[in-house]
Amino acid sequence: MEQATESSVVFTRPHALLPVVTNYCPGCTHGIVERLVAEVLDELDVEGNTIGVAPVGCSVMAYDFFGCDMIEAAHGRAPAVATAVKRVHPDSVVFAYQGDGDLASIGMAETIHAATRGEDITVIFINNAIYGMTGGQMAPTSLPHQVTQTSPYGRDVSSAGYPIRVAELLSSLDGVAYIERVTVDSPKNVRKAKKAIKKAFETQIQGRGYSMVEVVSTCPTNWGMSPQESFEWMRENMLPYYPLGVYKDVVADGYVDAAEAAQARAAQCPMVAEAQTEGE
C-alpha cells in the first residue's frame, strides 16, 4: 500500500492558475488552454519571472486567473505591450494571450511587426472564427458562408474576402522561430497542445525569436450550439480550413535561431552578404 501511494499521480490545480471561478461559457476552450499555459509555467519554473499581457476579448480578465504578473492592453495592442515589456525586462518570460478578433483584425499590424522584428515573446492565439465577447460578429477568421451577427446570410467572400490563415501568414516572416497550430478537442490533442505551448515558451527562453501557438477553438454561445455540437462543427468545418501542425520551426530546419535562418535566406543579396562579412 505504501508503494502504491508513493507512485500514485494526484490531479491538482497548477500553482500558476489561481483558485478562482472563471467566467467562460460551457464548451469554451479558454479554460483548457489557460490551464495548459499554467501547467507549462509550473513545469518550466518561471511563474515568478513571467509577465502576461491580456488584451480585450473573452480573455480580457485573464489577469484574474494567472498567478504571474499580468498587464492589460488596449484592444489589439498586446504584441506592442509585450514587446515593450520584453525590452525593458529581457530576462523575463513574456507572453500575450489573444483571440482572433483582437490579434487578426484590430491588432494585425502589431502582430505582423512584432513577428517580423523577431521579438522574443510568445503568443497564445485562440481562433474560434468569431468575435466572442462583443456579441458574435464576423471575424477575420470566420469561414466562407459562416453565419454571424454581421453576416446573417453567411460570409460573402466577394465582399468580405477570405479568412486569414494566421499560422501560414506569420510563418513566412523572417523573425519567426516557431509556429504550430493545435486544438484541444480530445485528450490526445490536449497533450499535443501542451507540448506545443511548452516548446513555444522554451523557444523564447532560449532566445530564438518570436513564437506563437494557434489553438483552433469553439464558441458555442455565439455559434448557437451546444458544447458537443460546437466541437463537432469545429472538427467538420474549421480543421479542414485550418489544418493542424507545425508551420515553422527554425531549430528543426537546422538553424540556431530565427536570425540565423533569415541570414541564410538572404545570403544571395549582395548588401546582406557584405554586412555579414564585415560583422565577422
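If you're wondering where the values come from, they're calculated on a predicted model, not measured in any experiment. One is the number of the first residue; the rest follow in order along the sequence.
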Main-chain N/O of [Y] paired to [X] side chain as donor or acceptor, under 3.5 Å:
X	Y	value
K86	S92	yes
S171	A167	yes
T134	Y131	no
R155	S142	yes
T111	L103	yes
T116	I112	no

### V94 reachable from V81 in the ILVMFWY side-chain graph, under 4.5 Å edges
yes
Inter-residue atom distance [X].[atom1] - [Y].[atom2], 0.5 Å rounding:
X	Y	atom1	atom2	value
E232	T218	CD	OG1	12.5 Å
Q98	C58	CD	SG	13.5 Å
T29	I126	OG1	CD1	5.5 Å
E168	Y242	CD	OH	9.0 Å

### Query
Are R181 and Y247 in a cation-pi contact, defined as NZ or CZ under 6.0 Å from the six-membered ring centre and within 45° of the axis?
yes
### Query
Cation over ring, R165 on Y241, under 6.0 Å and within 45°?
yes
Specify the closest pair of heavy atoms between [X] and [Y], including all atoms of both residues, with the distance to one decimal.
X	Y	value
G136	T148	O-CB, 3.3 Å
P144	P163	CD-CG, 3.5 Å
G67	L18	CA-CD2, 3.6 Å
A54	A62	CB-CB, 4.0 Å
A129	T141	CA-OG1, 3.3 Å

### Query
Salt bridge or not for E180 and K199, using N-O below 4.0 Å?
no
### Task
Count the heavy atoms belonging to other residues, nucleotides or ligands that lie under 6.0 Å from NE2 of H113, then report whether that count exceeds 12.
no
### Query
Do other residues, nucleotides or ligands put more than 12 heavy atoms under 6.0 Å from D45 CG?
no
Is a side-chain donor-acceptor pair under 3.5 Å present for [Y] with [X]?
X	Y	result
T203	Q206	no
Y153	H145	no
T122	S211	yes
T183	N189	no

### Message
E214 vs I124, test: side-chain contact (heavy atoms from CB on, under 4.5 Å). Steps then yes/no.
### Response
CA-CA 6 Å; E214 176 180 345; I124 308 300; over 6 Å; no
### Task
Under the salt bridge (Lys or Arg N to Asp or Glu O under 4.0 Å) rule, what do K198 and E43 come out as? Steps first, then yes or no, please.
CA-CA 9 Å; K198 188 171 186 177; E43 291 176 10; 3.1 Å; yes
### Task
Compare all side-chain heavy atoms of M108 with those of P140 and state whether any distance is below 4.5 angstrom.
no
### Message
Can you confirm whether V246 sits close enough to I179 that some side-chain heavy atom of one is under 4.5 Å from a side-chain heavy atom of the other?
### Response
no
### Summary
So the salt bridge (Lys or Arg N to Asp or Glu O under 4.0 Å) pairs with at least one residue in residues 99-114 (sequence neighbours excluded) are R77-E110
### Pairs touching residues 17-40 that satisfy salt bridge (Lys or Arg N to Asp or Glu O under 4.0 Å), sequence neighbours left out
R35-E39, E39-K194
#### Entry: Parallel, tilted or perpendicular: rings of F201 and F95 (30°, 60°)
perpendicular
### Task
Apply the test side-chain contact (heavy atoms from CB on, under 4.5 Å) to residues V123 and Y97: give CA-CA distance (whole Å), side-chain angles for both, the deciding distance (0.1 Å), then the verdict.
CA-CA 6 Å; V123 176; Y97 187 97; over 6 Å; no
### Task
Kindly indicate, with the supporting measurements, whether the criterion side-chain contact (heavy atoms from CB on, under 4.5 Å) is fulfilled by N127 and V215.
CA-CA 6 Å; N127 174 8; V215 186; over 6 Å; no
### Task
Go through L17 and L41 one step at a time and tell me if the side-chain contact (heavy atoms from CB on, under 4.5 Å) criterion holds.
CA-CA 9 Å; L17 192 66; L41 295 181; over 6 Å; no
### Task
For salt bridge (Lys or Arg N to Asp or Glu O under 4.0 Å), just list the numbers for D120 and R208, CA-CA rounded to whole Å, side-chain angles, deciding distance to a tenth of an Å, and then say yes or no.
CA-CA 7 Å; D120 207 18; R208 301 190 189 278; over 6 Å; no
